[in-house]
Amino acid sequence: MSDNDTDDVRTDGSGTGIVSPDDETPAWSERKERTQGLSRLTYEYFERARREDQDLRQQSDYVERDVLAFPAWPHEMMRNIALTSFFVGMILFVSATLPPEMPNPANSGVTPAIILPDWYLYWSFGLLKLGPLNPELSILGGSKLMADRTYGVLANVVVVGFVAIVPFLNKGSARRPVEQPFWAAVGMSGVIFSLTIAALSIKNLVPMDSHLLFDLTFLVPIVSATITYAVLKTMREGYMFDLNRRYYRLRPPK
Amino acid sequence: MSLERKDEHDHKGWMESRELTPVESVYLTVLIWLDRRLRVVDYLEILEDLYYKVNMQMPKSHTEQYNLDNKFWYWYPLYALGSFSTVAYVVAAISGALLGFYYAPAAAAADGSPTVAYDSVMLIMGQLNLGYFLRSVHRWAAQIMVAAVFLHMLRVYFTGAYKEPRELNWLIGIVLISLTLVFGYTGYLLPWSQLSFWAGQIGVEMSLSIPLIGEWVAQLMFGGFTLSQATLQRMYILHVFFLPFITTAIIAVHIGIVWMQGIAEPH
Amino acid sequence: MTGDQSAGTEDGSERRDVVVPLRVYKAVTVFSTLFAVVSVVAGFILVDVATQRASAPASEIDVPVGIAGIACILAGTVVYAFSTRFRTEEMGKSKDDAT
Amino acid sequence: MADEFMKGFACLMVGGLGWMTIKGWYNTPSFEGAQLTGELTIEEPTTFDQIALFMGDAFFWFAVLGALTFWVVLPLISEFQTYLNERSA
C-alpha cells in the first residue's frame, strides 16, 4: 500500500531494488529481451532469496539442512497448531449441536425421493448426467457410441486426468494468480464448474427449468473464467504501469 | 531454577510512577499478586525458551527474511488447510476406532426391516452414553476433512505451489483426494439405511458401466451385481482396514515430501 | 509511540494503551486469559443449573443463580477485553503496520 | 487492513456457525427437503425456544452486518477521511 508511494525502489518490500545504478547494468531493452514485468521480478527475487539463503547456511551457525523454501518445522507447524486447534474446536462444537440424521433401514422395494451420495460426490454424480452431450455417430445409424453411463464414468476420468497433468502443462516460476491470469481463469472455471455440475446433479431440487440449468452449467464457468481473466489482466497492467513509472522516474529516457 | 530469588521488578514503584486509572492499578495489582504466588508465567517461559532454542537452530523462514509478515498473515489460514485436513483425519480415526467397538457389519437385508448393522448404529445413537456425540464427531470430522482437502487443493492450484519441484506431490495429492472420497463413500454405506442402500446401487451401476473390466470391478468392490451382505462386508473392511493403512502411509509420504522441500510461498 | 501512553490515533478513535514491562505483560496475558476462560465456563454451568439445562418452565427458573451465571460470563469477557490495552515496549499496534 | 479483514471474517464465522446451529434445531424438519430454511418444527415455543429463535436472527444479522461493517463501511469511512484530509492539507 504505502510502498507504492515511496520513491525508493522496493520491489518486494525488502531493502534492495533490482535497478543498480552503475553502467554495467544492462539497458532496459536488454532486460526486456529475457523476460519482462512480474515474471522478471519474480526471477530476480528468487535469485536473491536463494543467494541469501545460501549465505546464511554458509555462516554455519545453522544446522546443515537443505531447505529449498519455507521450513515446515517449526515456523509452519507452530502457526498451524494454533490455527488447527480453533478448527478442532469448531468440529466439536458442530458435532455436539448438530448430530447426524438416521434415515429408514434399507429397502429395495421403495425408491426414495432423493437418491444422492454425500455432497462431496455431487460433482461426480453430476458428470454421470451428461447423457445429452454423448455424441451420436451417423455411421452407427444414430445410435450412440457408448452407453450414457459409460460416458459419464469416462467424464470423471477425463476431469481427474486433466487435474493430474496440470503441473506438466503449466511450467515456469509464476506463483500468484495475477502473474498467470490464464491459469487462474482456468482454475476459476473449474471451481465454478464443480459447483454448477453439483447443482445439475440435484436438478430435481433446484427451482429452475432443467434445460436452462443444463445450459447454465456450462455457460457460467466460461463467463466466470472470462471475468477472472479480465480482472487479473487489468490488475497486472496496473502493476506494470507502476513498475514502469518507477523505472523511468529513476532512469529517465534520454 | 536456582533457589536464590531473582531480582524482582519493583512493581510498586513502577506503578506509582505511571498515570494509571484506579481500575487499571487494581487490575494490575491483582494479576501481579496472582503471578507472584502461582508463577505460571515461569513455566510458560521455560516452554518459550525451549521453542526459541529449537527455533534458532533453523534457517530464517522466508517471511522473516523478507519481512513479509504484515503482508501475508491473513492468508495463513489457507496455508494451514493441509495440516487441518490431517488433524481432521486423526480426529476421525480416533472416533472411528471408538465407534468400531459397537458397530457390527452384519446381515444386510434390503426388505425395510432393521438389520444388525442398522440396529448397532441406532444403539450408538440412542442408548450408548455420548454415543451420538461420537458418531457426530466422526461424521463431521469426515465432512470437514473432505472440505479442507478440496480447499487445500484450490490453494495449491491458485498459488502455483504444484510447480517444479513439487509435481510428484501434486499427483500424490490427487491420489489422496480420491482416497478421501472413497473413504467417505464406504463410510456412507455402513449404516445400511435407505440412503446407504441407494448410494450403493449407484456405485454398482457405475462400476458395471466401465468398459471391459466393469463386471470384474463390481465383483471385486461390491461382491456381486446386487447389494448383499458381501457388499456391506467389503465396504466395512475397506473402510476400517485397507483405506486407513493406505491413506495413512500416503499422507506420511505427502507430508514428508513437504517437509523436505519446504512450503512454497507465492512471491 | 510518544511516551508510555498514546491516547487514540489520528482518526480520532480514542483507545488507551498502557505500556508495561515485559514480565507484567506476560502476567497480564496469562492470568487474564485464565480468569476469562474459567469464569465463562463457570458462568455457563451456572446458567445450566439455573434453567435445568434449558428445560425448566419459565416460572421455575432460579433467577439469582441465572443472573450470577450471566454476570460471570460478562465478567470474563470484560477482564479479557480489558487486558488488551496493556502492551510492552516495541510492541507495535497492528494498525500501525498496515497503513 | 488485514486486521479489518480478519475481524469481518471472524464476525462471519461466529455468526454463521450460530445461525446454522439454531436453524438446524428449529428450521430443518427432515433430511429430505429444505435444510436450514424450512418451516418451524415446533408448535408452541417456550421461553427458551423464543430466546433461541431470537438468537438465530441475531446471529444472522451479526454475520451480515459485521462482515459489511469491517469490509465495506469502515474502509469507506477511512478512505473518505483521508480524502478529506488531503483536500484540507
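First the proteins, then the strands, lettered A, B, ... as listed; each starts at 1.
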Query raised in the report: Does any heavy atom of chain B fall under 4.5 Å from the side chain of A:Leu92, the backbone, both, or neither of them?
Result: both
Report task. Please flag which part of B:Met206 lies under 4.5 Å from any non-hydrogen atom of chain A: side chain, backbone, both or neither. Result -> both
Query raised in the report: In terms of heavy-atom pairs under 4.5 Å with chain A, which of B:Ser136, B:Ser113, B:Gly160, B:Ser178 leads?
Result: B:Ser136
Query - Interchain contact, B:Ala147 with chain A, by part (heavy-atom threshold 4.5 Å) - result: both
Query raised in the report: For B:Val175, is it the side chain, the backbone, both, or neither that has a heavy atom closer than 4.5 Å to a heavy atom of chain A?
Result: neither
Requested in this report: Give, as side chain, backbone, both or neither, the part of B:Val87 having an atom under 4.5 angstrom from any heavy atom of chain A.
Outcome: side chain
Query raised in the report: Any chance CG of B:Leu123 has more than 12 other-residue heavy atoms, nucleotides or ligands included, within less than 6.0 Å?
Result: yes
Requested in this report: Quick one: list whatever passes side chain to side chain contact (heavy atoms under 4.5 Å, CB included) with B:Pro114, sequence neighbours left out.
Outcome: A:Pro105, B:Tyr118, B:Asp119
Report summary line: B:Ala161 meets the side chain to side chain contact (heavy atoms under 4.5 Å, CB included) criterion, sequence neighbours left out, with B:Arg155, B:Val156, B:Thr159, B:Ala264
Query - Region of B:Phe150 in contact with chain A, defined by heavy-atom distances below 4.5 Å - result: side chain
Query raised in the report: Among B:Arg135, B:Gln201, B:Met153, B:Glu205, who wins on heavy-atom pairs under 4.5 Å with chain A?
Result: B:Arg135
Query - Proximity breakdown for B:Ser207 and chain A, heavy-atom pairs closer than 4.5 Å - result: neither
